[in-house]
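Since the structure comes first, as structure tokens, the remarks are kept for the end.
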Amino acid sequence: MKRDGACKSLWQSTADDYVSGENKVDQQTFDVIIAGGGITGLTTGLLLQKAGKSVLIAEAKSIGFGTTGGTTAHLNTMMDTPYATMEKNFGENNTQTVAKSIQAALRLIRETVEGYNIDCSYQQSMAYLYSKDEKQSKELETVYSGSEKYKVDVAYVNDIPAPFPYNKVIRFGGQARFHPLRYLAGLAKAFEEAGGVLLEDCRVTAVDELENEYDITSGMGRFKCTHFIYATHIPPGVNLLHFRCAPYRSYALAIKLKNENDYPDAMIYDMDDPYHYYRTQEIDGQKYLIAGGEDHKTGHEENTQACFRKLEAYVRNYYDIDKVTHRWSSQYFEPVDGLPYIGHLPGHTGNMYVATGFGGNGMIYSAVAAMELTQLITTGKSEFEEVFNPNRIKPVAGFANFVKEAADVTGKLIKKVLPAEKLTELTDLAPGEARVVKYEDQRLAIYKDEKGRVYALNSACTHIKCDVSWNNAEKTWDCPCHGSRFSYTGEVLTAPARKEMQVVGIAETVGQK
């Protein structure tokens, strides 16, 4: 399974490519069309298909291409936003609803694995959160008291199954872990067997709102539907939610340890900022320690390769490493108020939906989203809709005009062909390096591949014109404003951008004989 970057994840390396049963369409009209074939889109599609709806899932690349293929796959009741913080921001009743939705999501995943006999190494587990000093211990007490209040299985314990120094520890029961791409393949198979239509390499390029339906333009033609869902991690185009969700990247390592007894039979988290997290996954008889952390805002780290080195150095302080087998990073969107946005897409008619802002709890909130969206579409209401309502944040004055003016911009170049001999900055690039440079008042994103071939792009992200930054680990251009990501050839990899970056022709290739 392909991913949205140069680094190969453990999951990608140990999952077969999913082959769709038909990959063709015998109809043009559906009850529901879902853009996005990740865990949110496929879970939602399966539930809706089982509920009697006709569903088409349109995936721009291949299933699991985006964040699902890069997750570390923790299934938690311990959330990034503590229950005490939820209560402060949303009140007791809404926090109780969130806690209920999380438990329901865990049940849904377990029942899906069991009901469809999905071979994804699903295993229930304990999780440990530990403090290192008195300040963190006070925060830990807040996490504990909030979790206990909302009937989460939590207790203080005296030890952790790992060699980390600690001050205090709490343990959460009822957690789980699995192989996310093998689970995703099982979802896809169940969805198609239930009569759903899955189209890969089928990017949705336009959604026109008609009186009682939507006219969908895609890479495989035009379709119509009554309900439309963006399950694309963040909706494309320009929307209020892009200014309420901050994009972050997180880094992960899959590690073989020298001592078989050192693999922790649990999920473990520290309270640093950014925090580190660990777990074991057994795949085809082989155990791996998965370590994650070193998170930062997308496009705000000059040397992303260094994030892997920092993470590895940190792990080596505590574990005897045989080898690091995989290194990869992934993107998530952090909501401004701590809870995801699931429901009606702001600024659009009532039958257009979105699921975004999952933070670091994407595996759980994807299932929450699937349940809520299915309820909204089949019954018109959901027990979870109020607390996760994307319209809980109202647009400021003038925002509609901003959207109209900013949507899908493309910068204008002075010249169609760039004379390479005048770009002296290019001569400083070593193979594999990239840089944003200025030429005749035009900012250009330049990359030189390992063979010396140069790729030049207009550096403006096609979302709202922010300058992109180079990600030297994944070999992508990442937008620091709202998280759009592009290949070095300018191809869109991650929304909210819809259009490819503008390619600049080069009259003479620098560094290539």
Problem - Gamma sulfurs of Cys466 and Cys479 within less than 2.5 Å - result: no
Exercise for the section: Please list all pairs passing the ring pair (Phe, Tyr, Trp, His ring centres under 6.0 Å) test where one or both residues lie in residues 284-313, with sequence neighbours left out. Expected result: Tyr251-His296, Tyr251-Phe308
Problem - Shortest non-hydrogen contact from Gly432 toward Trp470 - result: O-NE1, 4.4 Å
Handout entry: Shortest non-hydrogen separation from Ile268 to Pro161 and the atoms involved
Key = CD1-O, 4.0 Å
Handout entry: Glu474: partners by side chain to side chain donor-acceptor pair (under 3.5 Å), with sequence neighbours left out
Key = Ser329
Exercise for the section: Answer yes or no: is there an ion pair linking Asp295 with Arg249, defined by an N-O contact shorter than 4.0 Å? Expected result: no
Exercise for the section: Apply side chain to side chain donor-acceptor pair (under 3.5 Å) to Ser145 and list each qualifying residue two or more places apart in sequence or on a separate chain. Expected result: none
Practice task
Check each of Lys135, Lys310, Lys132 against Asp272 using the salt bridge (charged side-chain N to carboxylate O under 4.0 Å, His left out) test, and report the only one that passes.
Solution key: Lys132
Practice task
Identify, with sequence neighbours excluded, every residue that meets side chain to side chain donor-acceptor pair (under 3.5 Å) alongside Tyr488.
Solution key: none
Practice task
Output yes when Asp153 and Arg171 qualify as a salt bridge under the 4.0 Å nitrogen-oxygen rule, no when they do not.
Solution key: no
Exercise for the section: Check for a donor-acceptor pair, side chain of Arg279 on one end and backbone N or O of Thr72 on the other, with a separation under 3.5 Å. Expected result: yes
Practice task
For the pair Phe243 and His482, name the ring-plane relationship: parallel under 30°, tilted 30 to 60°, perpendicular over 60°.
Solution key: perpendicular
Practice task
Spell out, as yes or no, whether a donor-acceptor pair under 3.5 Å connects the side chain of Tyr332 to the backbone of Thr67.
Solution key: no
Problem - N-O pairing of Glu134 and Lys138 below 4.0 Å - result: no
Problem - Carboxylate-amine/guanidinium proximity below 4.0 Å for Asp284 and Arg182 - result: yes
Exercise for the section: Report the C-alpha separation of Tyr18 and Glu192 in whole Å, then their side-chain angles, then the decisive distance to 0.1 Å, and conclude whether the side-chain hydrogen bond (donor to acceptor under 3.5 Å, both in side chains) test is met. Expected result: CA-CA 12 Å; Tyr18 180 76; Glu192 291 195 294; 2.6 Å; yes
Exercise for the section: For Ser9 and Gln12, indicate whether the former's side chain and the latter's backbone hold a donor-acceptor pair under 3.5 Å. Expected result: yes
Exercise for the section: Before accepting this row, confirm whether a basic side-chain N of the pair Glu383/Lys100 lies closer than 4.0 Å to the acidic partner's carboxylate O. Expected result: yes
Problem - Parallel, tilted or perpendicular: ring planes of Tyr277 versus Tyr275, cut at 30 and 60 degrees - result: tilted
Practice task
Please report the closest heavy-atom contact between Pro264 and Leu289, naming both atoms and the distance.
Solution key: CD-CD1, 3.8 Å
Handout entry: Modelled atom types, side-chain donor and acceptor of Ser469 and Asp478, under 3.5 Å
Key = no
All N/O donor-acceptor pairs, side-chain side in residues 356-373, below 3.5 Å, sequence neighbours left out:
unit_1 : atom_1 : unit_2 : atom_2 : d
Thr356 : OG1    : His233 : O      : 2.7
Asn361 : OD1    : Asp80  : N      : 2.9
Ser366 : OG     : Gly362 : O      : 3.1
Ser366 : OG     : Met363 : O      : 2.7

Practice task
Any pair with a residue in residues 107-134 that passes ring pair (Phe, Tyr, Trp, His ring centres under 6.0 Å), sequence neighbours left out, goes on the list, sorted by first then second residue, please.
Solution key: Tyr130-Phe164
Handout entry: Polar side-chain atom of Asn239 near backbone of His242 as donor-acceptor pair, under 3.5 Å
Key = no
Practice task
Test side-chain hydrogen bond (donor to acceptor under 3.5 Å, both in side chains) on Thr298 and Gln331 and set out the steps.
Solution key: CA-CA 8 Å; Thr298 299; Gln331 186 153 296; 3.0 Å; yes
Exercise for the section: Please determine if Asp320 and Lys258 form a salt bridge, counting it only when a charged side-chain N lies under 4.0 Å from a carboxylate O. Expected result: yes
Exercise for the section: Inspect the contact between Glu312 and Arg327 and indicate whether a charged nitrogen and a carboxylate oxygen are less than 4.0 angstrom apart. Expected result: yes
Exercise for the section: Would you confirm whether Thr68, through its side chain, and Gly38, through its main-chain N or O, come within 3.5 Å as a donor-acceptor pair? Expected result: no
Handout entry: Side chain proximity check, Pro82 to Val143, heavy atoms < 4.5 angstrom
Key = yes
